[in-house]
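Read the structure below first, then the notes.
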Amino acid sequence: MAGMQTSVDILIIGGGVNGVGIARDAAGRGLKTLLCEQNDLASATSSASTKLVHGGLRYLEHFEFRLVRESLQEREILLRAAPHIIWPMRFVLPHHKGLRPRWMLRAGLFLYDHIGGRKLLPPTKSLSLSGDPRGAPLKPQFRRGFEYSDCWVDDARLVALNAVDAAERGATILTRTKAVSIRSQEGIWIADLESEGGASREVRTRALVNAAGPWVDEVLRSVVRQNDPPRFSLRLIKGSHIIVNKVFDGEHAYIFQNADGRIIFAIPYQRDFTLIGTTDEPFEGDLARVAIDQSEIDYLCAAASEYFAMPVTAQMVRRTYSGVRPLYKDSDVKDASAVTRDYVFDVSGAPPLLSIYGGKITTYRRLAEHALAKLQPLLGFTAGPWTQSAALPGGDIENADFDAFLKSAGRDYPWLSPRDLHRLGRAYGTRLGNVLSDAASYADLGEQLGQGLSAREVDYLRRVEFAATVDDILWRRTKLSLRFTKPERENLEAFLAHNKATERRQT
């Protein structure tokens, strides 16, 4: 079919956290911005993280002080910007007598507390795990330890909310739309985009941002058809996680050292589960088919069982997920866990092309600022940074006090069950009213699709948050996938199919 034409200032390829962060920042500066993503937002690496906003305690061992400092500063900024999807968490680090000595852990945690100008979170403290509830799930030989602060984040919602904010500031967000070919002509880029349904669109853009994550080099080779080899090397590292039924009580998490020098986390997940990860394995293969190996499951179970009194076994695994991190290879480091999580830009040509290598969720906002700073002299815009003090959608909660906000929401919607109120409040924050509108009962929300998910919420996710499929809704937007039964999932599939058929008839 004949395609439409669009002219923009910036075309961004990739709907992960870096891409949407740049789209939001650019749109907020008044730049005409378009982002295309070949699948759903956060459908790859950005929804496969350990779901932490953190400085990266273990990066101190690799002397990455600037990265840790920047990450810890961003931790505070993001906590203020989105206290509904990001919240403080205490991490218990048991001392393992056969591994790093206590003095080294204490020194590292002291530096971690002070290098980033911590203001919102409580400091590290020493723990006697014997007789302490936090020591109860652990083997009795772990008698001493430390407790420090970091933050949890709903990674996929962080991506979705950046995309929503970008769209509300004027950006065009095209999911399930692939960049087929891109060529330069008379000082601009001309990109041919194709949607999943076959619709085509020609986009003329003054600048191109390649935020394709693990596909960054493939975009350069196959889409831009760049003949020169990339200036920077990319190292693809697979990280896998397992989700098991809850193995400990409490809202704290654990960080465990392993004999191989790596660490893993055990984190409370969706109230009834425990998330355990991650692995660090070099990846070669099809990026569209990334999955956990049995050896990784065995590794995570063994590492957790080294500490927990009740062994974690493969039979306990309820779900797994894996992602490939596109890390910047800055040296001949052989240990995958030691490869830097920092980022670099490759900026070339006229018209400008900016490709992103590396990065981590915690520093996505700063990365976006740096990207716009690189593009500013090339595009000639004057607007400066603005995101440091701007809340994400739903994050404008007074004093970043989520508990007070939730109590107020409970008074506004007294008919909601505490469980549904908490889930919806965490997902939508101050935009809870945008989802529930004037509803005065569950009946006002339309069909109940299972586990508190209503027709009205699904309509909101499709209309505002770019969701289209069952996995978009259950895995990335609501995290209800672990609770949905097979009949409930089939009913949701039928509901979406019916709505799509109705919309096609109406158009």
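Keep in mind it's a predicted model, so treat the numbers as computed, not measured.
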Give a yes or no on whether a salt bridge exists between [X] and [Y], defined as a side-chain N under 4.0 angstrom from a carboxylate O.
X	Y	result
E503	R505	no
D342	K360	no
R262	D280	no
K32	D9	no
K238	E296	yes
D154	K479	yes

Considering all heavy atoms, the nearest [X]-[Y] contact:
X	Y	value
R477	E465	NH2-O, 2.9 Å
T50	G277	CG2-O, 4.4 Å
G395	T430	N-OG1, 4.2 Å
M89	A253	SD-CB, 3.8 Å
R75	S149	NH1-O, 3.1 Å
E168	R431	OE2-NH1, 2.7 Å

Query raised in the report: Applying salt bridge (Lys or Arg N to Asp or Glu O under 4.0 Å), which residue pairs with at least one partner in residues 383-392 are found, sequence neighbours left out?
Result: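 Salt bridge (Lys or Arg N to Asp or Glu O under 4.0 Å) check on residues 383-392 returns no pairs.
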
Requested in this report: Hey, could you give me each pair passing salt bridge (Lys or Arg N to Asp or Glu O under 4.0 Å) that has a residue in residues 382-400? Not counting sequence neighbours.
Outcome: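 Found none.
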
Requested in this report: Report the relative orientation of the aromatic rings in H54 and F265; use parallel for angles under 30°, tilted for 30 to 60°, perpendicular for over 60°.
Outcome: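 Correct class here is perpendicular.
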
Got a donor-acceptor contact below 3.5 angstrom from the [X] side chain to the [Y] backbone?
X	Y	result
D286	A288	yes
T205	L208	no
N210	L354	no
T363	R366	no
S71	L67	yes
E202	Q5	no
S437	N434	no
T177	C36	no
D459	R456	no
R206	L379	yes

Within 45 degrees of the ring normal and closer than 6.0 Å to the centroid, is that where the cationic atom of [X] sits relative to [Y]?
X	Y	value
R319	W475	yes
K51	Y321	yes
R235	F283	no

Query - side chain to side chain donor-acceptor pair (under 3.5 Å) between R204 and S7, intermediate numbers included - result: CA-CA 5 Å; R204 295 171 175 261; S7 294; 5.5 Å; no

**Report entry** Centroid-centroid under 6.0 Å between Y428 and Y460 rings
**Finding:**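 That pair passes the under 6.0 Å test.
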
Query raised in the report: Please walk me through it: do F466 and D472 pass side chain to side chain contact (heavy atoms under 4.5 Å, CB included)?
Result: CA-CA 9 Å; F466 312 99; D472 295 355; over 6 Å; no

State the [atom1]-[atom2] distance between [X] and [Y], to the nearest 0.5 angstrom.
X	Y	atom1	atom2	result
T45	L287	OG1	CG	8.0 Å
L436	S454	CG	OG	7.5 Å
I292	Y299	CD1	OH	12.0 Å
L174	R201	CG	CZ	5.0 Å
I182	L11	CD1	CG	5.5 Å
L449	R489	CG	CZ	13.0 Å

Report yes if the side chains of [X] and [Y] come closer than 4.5 Å at any heavy-atom pair, otherwise no.
X	Y	result
K178	L193	no
K500	R462	yes
L300	T279	yes
L35	V20	yes
Q448	L453	no
Y364	L158	yes
V244	F273	no
L57	F91	no

Requested in this report: Applying salt bridge (Lys or Arg N to Asp or Glu O under 4.0 Å), name anything that partners E37, two or more places apart in sequence or on another chain.
Outcome: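 Checked E37 against salt bridge (Lys or Arg N to Asp or Glu O under 4.0 Å); zero matches.
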
Report task. Can you tell me which residue pairs pass the side-chain hydrogen bond (donor to acceptor under 3.5 Å, both in side chains) test with a partner in residues 16-28, sequence neighbours excluded? Result ->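 Output for this query lists R24-D165, D25-R29, D25-W386.
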
**Report entry** Under the side-chain contact (heavy atoms from CB on, under 4.5 Å) test, residues paired with Q294 that sit two or more places apart
**Finding:**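 Q294: side-chain contact (heavy atoms from CB on, under 4.5 Å) contacts with I297, D298, A314.
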
Requested in this report: Assess whether side chain to side chain donor-acceptor pair (under 3.5 Å) is satisfied between S46 and D155, documenting all intermediate values.
Outcome: CA-CA 6 Å; S46 292; D155 51 7; over 6 Å; no

Query - Intermediate values then yes/no, side chain to side chain contact (heavy atoms under 4.5 Å, CB included), L492 and V458 - result: CA-CA 9 Å; L492 178 57; V458 170; 4.2 Å; yes

Query raised in the report: Run the side chain to side chain contact (heavy atoms under 4.5 Å, CB included) check on R90 and L121 step by step: do they pass?
Result: CA-CA 9 Å; R90 295 290 277 175; L121 302 177; over 6 Å; no

Query - Other residues, nucleotides, ligands: >12 heavy atoms within 6.0 Å of R69 CZ - result: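 Not buried by this count: 12 neighbours or fewer within 6.0 Å.
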
Requested in this report: Taking atom CD of E447 as the centre, report whether more than 12 heavy atoms of other residues, nucleotides or ligands fall under 6.0 Å from it.
Outcome: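 Yes, the 6.0 Å shell around CD holds more than 12 heavy atoms from other groups.
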
Could you pull out all donor-acceptor pairs under 3.5 Å where a side-chain atom in residues 79-88 meets a protein atom, sequence neighbours excluded?
unit_1 : atom_1 : unit_2 : atom_2 : d
H84    : NE2    : P393   : O      : 3.1

Query - Working for side chain to side chain contact (heavy atoms under 4.5 Å, CB included), residues R419 and R423 - result: CA-CA 6 Å; R419 193 178 187 96; R423 181 184 72 79; over 6 Å; no

**Report entry** Between R176 and N39, a side-chain donor and acceptor under 3.5 Å
**Finding:**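 N39 and R176 do not have a side-chain donor-acceptor pair below 3.5 Å.
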
